[in-house]
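Each chain gets a letter, A, B and so on, in the order its sequence line appears, and its residues count up from 1.
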Amino acid sequence: MTAVVEIVTQEQWIEVGSVSDIPKDGARVVKTPLGDIAVFRNMQDEIFALRDQCPHKGGPLSQGIIYGKTVACPLHNWNIALDTGMAVAPDEGCAASFPVRVEGETVFLSLTPNEGCPGK
Amino acid sequence: MKRMKLVMVGNGMAGVRTLEELLKIAPDLYEITVFGAEPYANYNRILLSPVLAGEQTIKDIMLNDVDWYAQNGITLHLNKKITRIDRKNRTVHAEDGTSAAYDRLILATGSNPFMLPVPGNDLQGVISFRDIHDVDAMIEASAKFKHAVVIGGGLLGLEAANGLKLRGMDVTVVHLPQSLMERQLDPTGSQMLQKSLEDKGLKFLMGKQTEQLIGKEGRVAAVRFKDGSEVPADLVVMAVGIRPNTTLAESAGIHCNRGIVVNDTMQTYDPRVYAIGECVSHRGIAYGLVAPLFEMAKVCANHLAEYGIGRYTGSVTSTKLKVTGIELFSAGDYLGGEGTDNLLLSDPKSGLYKKLVLKDNKLVGAVLYGESADGNWYFKLMREGTDVSALRNRLLFGETHLGDAGHGGQSKAAAMQDSDQVCDCNGVCKGAIVKAIVTKGLFTLDDVKAHTKAAASCGSCTGLVEQILSHTLGGEYSAPEAKPLCKCTDYTHDQVRAAIREQKLTSIPQVMSQLEWKRADGCPSCRPALNYYLISTWPREAKDDYQSRFINERAHGNIQKDGTYSVIPRLWGGSVTVDQLRTIADAAEKFKVPEVKLTGGQRIDMLGVKKEDLPEMWGFLAERGLVSGHAYGKALRTVKTCVGSDWCRFGVQDSTQMGIDLEEMTWGSWTPHKFKMAVSGCPRNCAEATIKDFGVVGIDSGWELHVGGNGGVKVRATDLLCRVATREEVLEYAAAFMQIYREEARYLERTAPWVERVGLAYIKARVVDDAEGRAAAYQRFLESQEIYKFDPWAERAKGVDKHEFTPLKVVAG
Ligand SMILES: Cc1cc2nc3c(=O)[nH]c(=O)nc-3n(C[C@H](O)[C@H](O)[C@H](O)COP(=O)(O)OP(=O)(O)OC[C@H]3O[C@@H](n4cnc5c(N)ncnc54)[C@H](O)[C@@H]3O)c2cc1C
Ligand code: SF4
Ligand code: FES
């Protein structure tokens with residue numbers, strides 16, 4: 001296991017790894033004191049981060065199948081938008097999304113969730 | 001103890017049955033004497049019809065011969081008609097002066113055929129159809145004469161007419177009402193029946209009232225009707241009905257009212273005198289069929305045996321017409337009326353007609369024409385008063401249709417009319433469903449539910465809706481109506497597959513660009529399907545795309561609801577060594593596995609393993625010789641076995657070894673859906689091989705191979721594929737079946753629906769009849785296995801797909 005352990009405060013951007021550490025149409029998990037965060041990479045090499053918990057019954061979204069800007073939860077196949085964390089209709093709910101920033105090959109993550117996901 | 005004297009008058013079906021029942025429960029209670037007016041011992045009157053038709057002989061229809069009476073100590077007086085009962089002195093007297101004393105008396109005098117009171121009814125050649133004597137007379141007449149007229153178009157008349165026709169006579173059936181068997185059939189059924197009988201060469205004169213039988217030199221020559229018309233007749237069979245034979249009882253002062261009146265224990269007004277059979281009137285009903293008479297017999301015997309617990313409370317009756325080639329069944333209140341619902345299935349063209357009459361959610365009547373196999377089942381539902389509301393929508397389709405996708409046979413939905421209601425909850429008829437399927441392009445049950453509301457409420461018509469779907473869409477491979485693979489494309493599964501094969505496409509992006517996928521990255525429906533089609537078609541050339549696999553197949557474990565995984569090592573053929581058990585125990589301990597459980601497939605499941613621990617745990621197992629059980633994949637799962645001939649006293653084949661051999665050949669292969677096998681060592685089938693995708697059952701001469709079964713929500717028993725002699729054949733057939741399934745079934749289609757879709761005949765043609773094709777499929781399977789038969793766990797323990805199992809980063813708090 002190669003992950004580096006750092007101590008951070010919530011507002012900081014944290015370097016979590018490089019784009020190529022995440023498979024295309026895949027996801028990796030960042031373990032934080034606030035719980036697991038799933039960092040996704042799609043076919044277009046866009047990077048997204050969501051709480052690794054499906055709004056339905058908490059399924060690990062990082063284990064789902066990713067297509068376009070959506071991930072399908074591995075437990076009961078809810079579809080969650082990667083950019084907003086909102087469940088795709090007719091399902092309702094959302095998984096908190098987190099800001100990500102890519103500089104060159106390096107991926108940075110903020111642990112302060114984006115606005116717009118009530119209760120998460 | 002001195003035995004009581006039991007005398008029976010009438011040596012027919014009901015009476016002798018009573019004696020049989022009595023002998024069973026109280027063989028020593030009575031000294032029995034029987035009087036019969038006919039010169040024959042006990043025979044099966046029902047089967048006089050096949051005798052007349054030349055299908056059976058008198059010998060075939062004997063039930064109890066004279067020896068039987070002797071063996072049971074019964075005194076038998078044949079050809080002796082009782083003419084007087086002396087109730088005061090408790091004796092009966094026959095015509096010829098024979099008499100017998102009784103403590104108990106059974107009257108079982110049956111009934112008399114009713115002879116129309118028309119002039120000439122006593123001419124020679126005018127007979128009834130009741131006993132052997134009548135049949136002999138008919139057979140004799142058929143050899144000498146040409147024209148037969150049967151008066152009466154009921155059950156008896158039609159069977160007589162059919163028999164005479166088969167014996168070469170020119171037969172006309174005269175019937176006063178407008179439709180045949182009006183007492184058992186509704187008008188539609190009658191018409192269909194008349195049509196088939198006409199096809200057999202019978203002629204009908206309906207609505208004709210007989211006025212006179214015209215004789216010539218003492219023998220009948222013609223029948224004249226009220227309207228003045230006439231038909232020639234050398235033989236006239238009267239089959240216009242029967243009358244309970246009460247003459248004797250009445251003469252003895254026993255109360256009769258259209259039958260000898262009996263209570264629920266079959267006793268007449270004189271409690272020493274019982275009556276039974278067609279001669280009785282029970283609660284105002286006189287029965288003319290054997291089934292109720294046999295129920296009476298049981299009760300009567302019970303009472304005679306002094307048990308006194310049986311009561312006869314009446315019967316619902318059913319009728320089957322015994323005319324070879326015509327299937328007709330009717331039971332109960334077949335007409336229906338106030339407060340009843342009729343379920344109808346009518347297809348005159350293919351000669352099918354079914355009518356079920358329901359009242360208060362119970363089946364009260366049935367008419368089946370053209371196909372009467374389910375008659376008994378309906379009759380049972382009626383007799384038992386089963387609440388059929390839950391079955392209602394499937395009821396018409398018979399027993400085999402229930403709760404099961406059926407056995408690859410023909411869809412019966414095909415026989416329904418457009419106006420027949422399918423979903424009762426929402427009042428949707430077949431026509432509406434078919435229309436929605438065709439015009440809106442629906443392909444799934446869910447689509448139909450959403451658009452028509454059929455099957456959307458109680459769901460009891462689901463099976464029927466599925467049938468209508470499959471019947472409407474057809475099982476054709478490239479039917480334009482077939483379902484597109486998913487919303488990303490207009491092509492069907494089969495078309496995509498063909499393109500992959502024909503254009504040699506070997507990667508998902510290639511397929512998507514070649515077939516102009518609508519969404520660049522596909523979706524979670526098409527990606528796993530495409531990945532499967534690619535690797536199964538081009539095992540060497542296509543690269544397995546893990547990001548297009550469901551997590552279970554990517555992580556090589558079953559994801560559980562809490563996000564942990566289960567680990568199930570392969571136990572070949574369900575056999576396990578002490579070392580393997582120890583390894584599993586050690587692994588469970590070492591990785592703190594919270595629960596260990598035996599699976600239904602004869603393996604051991606370690607539940608609740610954290611994803612990060614998986615590679616290390618797998619490494620631990622791999623070092624000790626255990627490999628992945630693929631319990632998580634659309635792949636070969638297990639080969640379940642029974643102990644077989646090595647240990648079992650019934651075993652005729654070594655099922656365990658066969659299972660191990662099969663598992664060693666097939667493990668690691670990916671299939672459209674999970675694939676399970678089982679091997680039993682003998683037909684007792686302890687390994688439940690007949691609900692597996694491929695089941696093998698040992699028999700003396702080798703093995704039986706079964707295909708297309710599954711347990712689960714919709715249980716389906718396998719179809720028998722064939723029998724083979726050797727182990728090598730089992731392996732070859734199994735691999736060939738599996739390979740053809742892998743190449744031709746749609747992704748996520750299990751063998752059961754696949755076999756039903758393409759038909760067992762097709763599978764047999766490919767796997768059994770075509771030896772060359774089978775060998776080639778076997779070869780392709782083995783080739784694919786060269787690539788895919790490896791342990792994914794061992795690989796990952798060594799570092800493959802490491803990213804899958806380790807966090808990107810751990811951020812400390
Ligand atoms: C051709 C034919 C086809 C049939 N097909 C069917 C069918 O498909 N299904 C069905 O359920 N039923 C059928 N039946 C009806 C069935 O055969 C009768 O319901 C049944 O045989 C009646 O039994 P039983 O014992 O009451 O009368 P029987 O079997 O008629 O027996 C009465 C006997 O008593 C004798 N007897 C009468 N009076 C005296 C007396 N005073 N002294 C001595 N002996 C006497 C008679 O000679 C006769 O042998 C058919 C009947 C016929 C004739
Ligand atoms: S299937 Fe036959 S051989 Fe196998 S355990 Fe049962 S009885 Fe024995
Ligand atoms: S937990 Fe994600 S769909 Fe149910």
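B:Glu553 and B:Tyr532 share no donor-acceptor pair across their side chains, judged by distance under 3.5 Å alone. B:Thr599 and B:Asp605 are not linked by any side-chain donor-acceptor pair at a separation below 3.5 angstrom, with hydrogens and angles left out of the test.
In this structure, the ring of B:Tyr632 has its center less than 6.0 angstrom from the ring center of B:His630.
Within a 6.0 Å radius of NZ in B:Lys610, other residues, nucleotides and ligands contribute 12 heavy atoms or fewer.
With a 4.5 angstrom heavy-atom cutoff, A:Leu109 does not touch chain B via any of its atoms.
Interface residues of residues 521-531 of chain B toward chain A, defined by a heavy-atom distance below 4.5 Å and sorted by number: B:Asp521, B:Gly522, B:Cys523, B:Pro524, B:Arg527, B:Pro528.
A salt bridge does not link B:Asp545 to B:Arg549: none of the charged nitrogens lies less than 4.0 Å from a carboxylate oxygen.
Scanning all heavy atoms of the two residues, the minimum distance from B:Phe790 to B:Glu795 falls at CE1-OE1, 3.6 Å.
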